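What follows is one structure encoded as structure tokens, with my remarks underneath.
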Amino acid sequence: MASSKPSLAMFLFLILAALSNVVHETEARAFFVFGDSLVDNGNNNYLATSARADAPPYGIDYPTHRPTGRFSNGYNIPDLISQAIGEEATLPYLSPELTGEKLLVGANFASAGVGILNDTGVQFVNIIRITQQMQYFEQYQQRLSGIIGPEQTQSLVSQALTLITLGGNDFVNNYYLVPFSARSRQYALPDYVVYLISEYRKVLTNLYELGLRRILVTGTGPLGCVPAELAQRSANGNCSPELNRAASLFNPQLQDLIDSLNSEIGDHVFIGANIRQSSIDFISDPARFGFVTSKVACCGQGPYNGLGLCTQLSNVCANRDIYAFWDAFHPSERANRFIVQSILEGSTDYMSPMNLSTIMKLDAATNV
């Protein structure tokens with residue numbers, strides 16, 4: 001009898017291990033990312049464009065300490081979401097490494113410089129506009145279907161988590177790019193926002209029609225408070241009222257759109273992430289979050305380090321963790337962690353109708 005105990009223990013161990021694997025496979029889900037430079041993790045590396053982050057000092061705090069194409073000193077928002085849900089980071093869709101089993105993890109289609117409108121970011125020439133990103137997603141599904149079949153592909157897509165971040169460039173790199181821009185002559189700001197929302201409706205509807213069923217939609221941050229706008233528009237270090245007015249008009253209407261689409265569908269497909277609020281938290285009171293400044297970028301030149309590009313010739317701070325902004329437009333990795341924390345656990349002031357942790361629990365219970 002004594003000699004049988006180790007074999008019984010081993011048997012129980014194998015059973016538990018098998019159950020653990022089943023649970024892991026059930027919980028594992030693909031992750032898809034669409035949008036602009038806040039979430040691009042390297043697609044623009046493969047394009048002839050000036051909207052690139054593939055040279056030092058970008059990536060200085062990434063595990064490899066090398067630039068990856070992320071507009072960050074280290075990890076960006078999609079990376080941190082992947083880590084939070086226990087999945088490996090998605091690869092850029094244009095990466096030659098995205099083949100075979102890597103496709104099961106998902107893909108990142110985002111491209112720095114893009115907006116809701118196709119004429120946003122024309123100065124960057126070659127970028128993957130949102131219509132092209134969705135075409136690439138269709139291509140992705142065809143590639144995956146060739147490996148696991150159409151039914152399994154449809155199941156993977158419907159159970160996936162999706163993140164989309166658009167809108168900021170439609171203001172800073174379109175409407176307000178130059179004085180008397182074509183769009184600002186065409187529309188007063190309130191009318192321009194209504195137009196953007198109507199075009200965004202088409203984008204989000206298309207994502208749903210492509211089979212996606214859990215879509216995190218982020219609003220814009222406080223656009224007038226980024227170092228680039230302080231450098232160009234602020235004489236005293238205060239945020240630009242006009243740019244912040246744009247964000248304050250856009251974000252509530254985006255949430256209304258999300259609520260409207262969910263009502264039409266009859267399910268919580270779209271989840272609104274109020275990045276403006278989570279960003280205002282550390283911009284208005286940086287010391288509470290351990291930042292020395294939320295006005296001066298870590299990397300750049302000119303007032304607030306907000307002019308020009310972040311390059312090896314730029315001023316670069318010694319400690320990135322005490323700066324809310326990495327470059328003229330983009331949060332530091334540490335600031336991104338606070339943003340993702342609000343996405344994961346935030347109240348309805350930050351996430352509507354529910355945060356990501358609640359979504360994960362709900363979906364896990366539904367899929368059991």
Side-chain angles (χ1 to χ4, degrees), residues 37-41 53 55-81 83-84 89 112 165 168 172 218 220-240 243-244 247 273-346 350:
S37 60
L38 287 168
V39 293
D40 181 0
N41 68 346
Y58 284 99
I60 190 171
D61 297 311
Y62 195 75
T64 60
H65 305 294
R66 300 175 65 180
T68 61
R70 292 163 172 83
F71 286 75
S72 172
N73 57 301
Y75 291 124
N76 65 5
I77 290 171
D79 293 322
L80 298 171
I81 290 177
Q83 292 172 18
T165 297
V172 300
T218 72
T220 70
L223 300 172
C225 300
V226 301
E229 300 306 330
L230 296 182
Q232 297 174 57
R233 301 171 185 273
S234 176
N236 54 10
N238 292 330
C239 301
S240 164
L243 267 293
N244 276 0
N274 188 355
I275 281 183
R276 179 174 180 268
Q277 185 57 53
S278 55
S279 299
I280 284 175
D281 287 349
F282 59 74
I283 287 172
S284 61
D285 190 1
R288 182 162 70 94
F289 294 84
F291 296 120
V292 168
T293 178
S294 60
K295 296 182 183 295
V296 181
C298 170
C299 181
Q301 47 272 325
Y304 308 101
N305 275 347
L307 297 179
L309 302 173
C310 172
T311 71
Q312 287 179 292
L313 300 177
S314 301
N315 304 312
V316 181
C317 64
N319 183 357
R320 277 72 65 184
D321 283 347
I322 59 176
Y323 282 71
F325 283 94
W326 158 245
D327 65 14
F329 287 102
H330 304 97
S332 63
E333 179 190 305
R334 188 157 176 269
N336 279 332
R337 289 185 182 278
F338 288 119
I339 292 170
V340 170
Q341 184 179 356
S342 72
I343 289 173
L344 284 167
E345 302 171 355
Y350 299 88

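Values in this document were obtained by computation on a predicted structure and should not be read as measured data. For reference, positions follow the sequence shown, starting with 1.
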Any donor-acceptor pair under 3.5 Å linking the side chain of Gln232 with the backbone of Leu307?
no
Over all heavy atoms of both residues, which pair between Tyr350 and Ser342 is shortest? Give the atoms and the distance, please.
CD2-CB, 3.9 Å
Could you report the tightest heavy-atom contact between Lys295 and Gly237, atom names first, then the distance?
NZ-O, 2.6 Å
Donor-acceptor under 3.5 Å (Ser72 side chain, Gly74 main chain):
yes
Shortest non-hydrogen contact from Cys239 to Asn244?
CB-ND2, 3.5 Å
Return the CD1 to CG distance between Ile280 and Asn274, rounded to the nearest 0.5 Å.
8.0 Å
Under the criterion side chain to side chain contact (heavy atoms under 4.5 Å, CB included), which of Val340, Ile343, Ile339, Thr218 is the partner of Ser278?
Ile339
Which atoms form the tightest heavy-atom contact between Pro331 and Leu38, and what is the distance?
CD-CD2, 3.7 Å
Residue pairs fulfilling disulfide (SG to SG under 2.5 Å) with at least one residue in residues 280-309, sequence neighbours excluded:
Cys298-Cys317, Cys299-Cys310
Check whether the side chains of Ser332 and Arg334 place a donor and an acceptor atom closer than 3.5 Å, and report yes or no.
no
Can you see which heavy atom on Phe282 is nearest to which on Ala335, and at what distance?
CZ-CB, 3.8 Å
Using 0.5 Å steps for rounding, measure from the OG1 atom of Thr311 to the CD atom of Gln301.
6.0 Å
Those residues at least two apart in sequence (or on a different chain) that pass side chain to side chain donor-acceptor pair (under 3.5 Å) with Asn76 are none
Keeping Ser294 on the side-chain end and Ile283 on the backbone end, is there a donor-acceptor pair under 3.5 Å?
yes
Residue pairs passing the salt bridge (Lys or Arg N to Asp or Glu O under 4.0 Å) test where at least one lies in residues 302-312, sequence neighbours excluded:
none
Closest non-hydrogen atom pair between Arg70 and Asp79, with its separation
NE-OD2, 2.6 Å
Any residue meeting side chain to side chain donor-acceptor pair (under 3.5 Å) with Asn336, in chain and number order, not counting sequence neighbours:
none
If the condition is ring-ring contact (aromatic ring centres under 6.0 Å, His included), which residues does Tyr323 pass it with, not counting sequence neighbours?
none
Tyr75: ring-ring contact (aromatic ring centres under 6.0 Å, His included) partners, not counting sequence neighbours:
Tyr62
Checking side-chain contact (heavy atoms from CB on, under 4.5 Å) for the pair Glu333/Arg337: CA distance, chi angles, key distance, verdict?
CA-CA 6 Å; Glu333 179 190 305; Arg337 289 185 182 278; 2.9 Å; yes
Contacts of Arg66 that satisfy salt bridge (charged side-chain N to carboxylate O under 4.0 Å, His left out) - sequence neighbours left out
none
Output every pair passing salt bridge (Lys or Arg N to Asp or Glu O under 4.0 Å) with a member in residues 315-325, not counting sequence neighbours, ordered by first then second residue.
Asp61-Arg320
List the steps and the verdict of side-chain contact (heavy atoms from CB on, under 4.5 Å) for Thr165 and Ile77.
CA-CA 10 Å; Thr165 297; Ile77 290 171; over 6 Å; no
Side chain to side chain donor-acceptor pair (under 3.5 Å) filter on Ser279, not counting sequence neighbours, yields none
Taken in chain and number order and not counting sequence neighbours, the residues that satisfy side chain to side chain donor-acceptor pair (under 3.5 Å) with Gln277 are Asp281
Could you state the interatomic distance from CD1 (Ile275) to CZ (Phe338), rounded to the nearest 0.5 Å?
15.0 Å
Listing request: all salt bridge (Lys or Arg N to Asp or Glu O under 4.0 Å) pairs with a residue in residues 230-240, at least two apart in sequence or in separate chains.
Glu229-Arg233
Those residues at least two apart in sequence (or on a different chain) that pass ring-ring contact (aromatic ring centres under 6.0 Å, His included) with Tyr304 are none
Where the side chain of Asn73 meets the backbone of Trp326, is there a donor-acceptor pair that is under 3.5 Å apart?
no
When the ring planes of His330 and Phe71 are compared, do they come out parallel, tilted or perpendicular, using 30° and 60° as the limits?
tilted
Nearest-0.5 Å distance, CG of residue Asn305 to CG of residue Leu230
11.5 Å
